[in-house]
Amino acid sequence: MHMSTNFSMDEVKVLGSKSITVESKESIINLVLDTLAIEKQLLIFNNSKNSSEATAEKIAMALKKKKTVTHQKELSQLSEQILKVMQSPTKQCRRLAKCVEQGIAFHHSGLVSKQRYLIEENFKKGIIKVISSTPTLAAGLNLPAYKVIIKDYKRYSSRGFNDIPVLEFMQMAGRAGRPGHEDIGHSVVHIKDDNELERVIKKYIHGKPEEIYSKLAVEPTLKMYVLSLVSMDIINTEDEIKEFFKNTLYGEQYHDLEGLYYNIFKVLKILKEYQFVREDDNYYVATTLGKKVSELYLNPDTAHLFLSHFDTFVKTLGSKYVSRQHVFNLIQLFSTTMEMKPLFRMGKKEEEHYMQLADDVQEELFVEYDPFEQDLQDFMNGLKTAEIMQDWIEEAPEEYISEKYSITPGELHFKKEVIDWLLYCLEEFSQLRKQFYLKNYFNKLRQRFKSGIKDDVLVLISLKGVGRVRARKLKKAGFGTLSDLRSATFEQLSRVIGDALTISIKKELHGETYEQDFSHELKQVEKFSRSSKPKEIRVREVTEVEVDELVEETQNFEKEKEEAKQKGLLQYF
DNA sequence: GGACGGTGAAACTTCAGGTTGCCTC
DNA sequence: GAAGTTTCACCGTCC
């Protein structure tokens with residue numbers, strides 16, 4: 001199929017057959033080789049993360065055999081950069097780095113954002129030639145390519161395994177052709193036989209894209225908008241409310257607005273019950289609390305859930321000693337909110353484990369499981385999510401987490417972000433309620449989630465170049481506080497974390513005086529690093545020994561966790 | 001004869017996406 | 001629907 005740059009259905013042409021050189025049994029590989037031979041770039045769209053990785057690896061193998069890769073120097077540098085994004089690279093990082101060496105990358109939400117950025121930028125520069133991705137790339141970014149291959153036009157969703165919408169197909173196909181660079185772009189759909197060919201042409205090439213409908217009347221969305229509109233004093237009276245919503249897309253599409261108005265007033269009633277909105281003489285105003293909720297972009301239901309548990313938080317979380325269980329309970333509570341969705345999914349094989357866990361923790365949770373309120377699978381997913389996040393702040397290695405729970409570093413990262421945001425909201429609520437001890441607690445917890453650390457190395461994380469791995473190394477070597485680090489000698493520290501990082505830390509701690517005290521070592525190291533990068537102090541890479549240590553840690557983690565559980569170990573805050 | 005290891009077919013399992021808050025270096 | 005993973009029966013080899 002062959003499409004013009006500015007994708008419009010009238011201009012789409014279906015070309016007859018075009019023969020390409022057959023070098024492999026796999027048609028996709030042939031297409032890739034054919035396109036690379038004329039020095040053009042490709043995007044390949046897959047229907048799952050797994051398949052986008054598998055496709056990339058298959059092509060990388062073929063390219064390796066052909067030995068025609070260009071930009072080898074840049075690619076091997078990029079490959080190294082990709083590995084370095086995380087202090088301890090996971091299996092996924094290594095797979096990606098290997099593909100990148102051949103000028104091909106996979107791209108999906110499971111990657112860490114820095115990696116995604118590196119891939120996108122280097123594709124734009126022409127260093128990476130092929131990206132095999134999930135639909136991530138089709139929607140947001142402007143990453144056009146000469147050729148687009150839609151490998152799968154069917155995808156699994158909650159409704160089963162179905163054709164993707166025409167709109168989405170167009171999004172992907174429309175990535176073919178680079179405006180300002182080329183006049184044409186090729187878009188290829190991967191199909192099995194002639195029957196499918198006919199179907200695809202009818203549905204996607206000559207078919208109409210789906211209509212877009214407003215979902216404004218859906219309650220959770222409506223709650224957020226009504227609160228924010230009232231809070232900004234855009235709508236305050238019944239007339240204003242009706243007038244405003246009449247002019248929305250929803251109003252345009254559905255002329256009978258009575259249903260919508262009914263929902264709006266129902267929502268307002270709930271917001272009043274939540275004490276986010278006040279009504280005086282038919283005049284609606286947001287309360288201080290309501291304004292805060294709206295400012296925080298928090299779903300009013302979530303805010304209400306948090307606030308209704310606030311007294312419990314004060315009683316339990318604010319105490320000086322906090323058990324692991326409390327953090328678990330907190331994340332489990334988060335998992336019932338809209339913001340945390342979608343949760344990490346419990347697999348079939350994990351069922352038994354989470355049934356048992358549910359039994360064990362049920363009574364301690366902030367909200368007991370209610371089969372009439374919540375789907376069992378959803379509840380179990382919440383337990384899994386809480387367990388994963390607890391492992392994260394108990395310093396479980398990332399590799400361990402991805403392997404054990406079958407999740408990607410990217411997914412872990414997104415959840416961290418959401419939790420950080422929700423904890424920030426709780427911080428703000430604590431401030432409003434003047435519960436400063438609690439505010440401090442949530443703030444510390446945020447830092448722990450950000451870095452994935454236990455509380456005893458919190459202080460070390462503030463140092464540049466020190467993440468969870470190095471912080472723990474320092475602590476183990478006896479440097480648990482900043483004053484420990486200040487009084488340590490250069491040799492003592494450099495044995496643990498290397499020369500460059502020692503200098504960087506010493507400089508941070510001692511300021512100017514450092515130059516005098518350690519001028520000798522500084523000169524030595526700077527002379528050494530000048531050869532590669534002048535003046536800049538480079539942070540040492542993770543060595544093989546460290547990798548071995550990490551593997552060992554991974555093995556030990558489960559054991560330690562079990563012991564801690566048995567002891568009912570308390571965490572000092 | 002029993003333990004062990006390799007092999008392959010059958011059964012089972014899973015499958016996309018990433019905005020919003022605020023601060024600080 | 002398809003790819004990846006696990007399970008299990010079957011067979012040959014070795015002690």
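These numbers were taken from a predicted model, which means no experiment stands behind them. Numbers restart at 1 for each chain; the letters A, B, ... are given by sequence-line order, proteins then strands.
Straight-line distance from the CD1 atom of A:Ile461 to the P atom of B:dC23: 22 Å, rounded to whole Å. Regarding A:Gln447, its CD atom lies at a distance of 14 Å from the C1' atom of B:dC22, rounded to whole Å. Per the geometry, CD belonging to A:Glu295 stands 11 Å off P belonging to B:dG21, to the nearest Å. Distance CD1 (A:Ile191) to P (C:dG1): 16 Å, rounded to an integer number of Å. When the P atom of C:dG4 is taken as reference, atom CD of A:Glu53 falls 11 Å away, rounded to whole Å. Rounded to an integer number of Å, the gap from A:Asn162 CG to C:dA2 P is 14 Å. As rounded to whole Å, 16 Å separates atom P of B:dC22 from atom CG of A:Asn443. As a whole-Å value, the separation of A:Gln431 CD from B:dC23 P is 12 Å.
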| request: Go through the steps for A:Thr481 and A:Asp484 under the test side chain to side chain donor-acceptor pair (under 3.5 Å), then give the verdict. | output: CA-CA 5 Å; A:Thr481 65; A:Asp484 286 344; 3.2 Å; yes
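Salt-bridge annotation for A:Lys223 and A:Glu219: present, with a side-chain N of the basic residue lying under 4.0 Å from a carboxylate O of the acidic one.
Judged purely by distance below 3.5 Å, without hydrogens or angles, the side chains of A:Tyr153 and A:Glu196 pair a donor atom with an acceptor atom. Looking at A:Thr302 and A:Glu339, their side chains do bring a donor and an acceptor atom within 3.5 Å of each other. Between the side chains of A:Tyr156 and A:Asn162, no donor-acceptor pair of N or O atoms lies under 3.5 Å.
With P as the reference atom, C:dT5 and B:dA16 are 14 Å apart, rounded to whole Å.
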Within the sub-3.5 Å range, which N or O atoms of nucleotides 8-17 of chain B have a protein N or O partner, and how far apart are they?
unit_1 : atom_1 : unit_2   : atom_2 : d
B:dT14 : OP1    : A:Lys348 : N      : 2.8
B:dA16 : OP1    : A:Lys49  : N      : 2.6
B:dA16 : N1     : A:Arg155 : NH1    : 3.3
B:dA16 : N3     : A:Arg155 : NH1    : 3.4
B:dG17 : OP1    : A:Ser109 : N      : 2.8
B:dG17 : OP1    : A:Ser109 : OG     : 3.3
B:dG17 : OP1    : A:Thr134 : OG1    : 2.8
B:dG17 : OP2    : A:Ser109 : OG     : 2.5

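Residue contacts shown for A:Arg116 are absent, as no nucleic acid heavy atom lies under 4.0 Å away. Among the heavy atoms of the strands, none lies under 4.0 Å from A:Glu428.
Interface remark: the A:Asp420 side chain does form a donor-acceptor pair with the B:dG21 base, using a distance-only criterion of under 3.5 Å.
In this pair, A:Tyr405 and A:Tyr400 present their aromatic rings perpendicular. The plane angle is above 60°, beyond the 30 to 60° band.
Here the two rings, on A:Tyr441 and A:Phe313, have centers that are 6.0 Å apart or farther.
Pairing for B:dA16 is absent, with no Watson-Crick or G-U wobble pair whose two atom distances lie under 3.5 Å.
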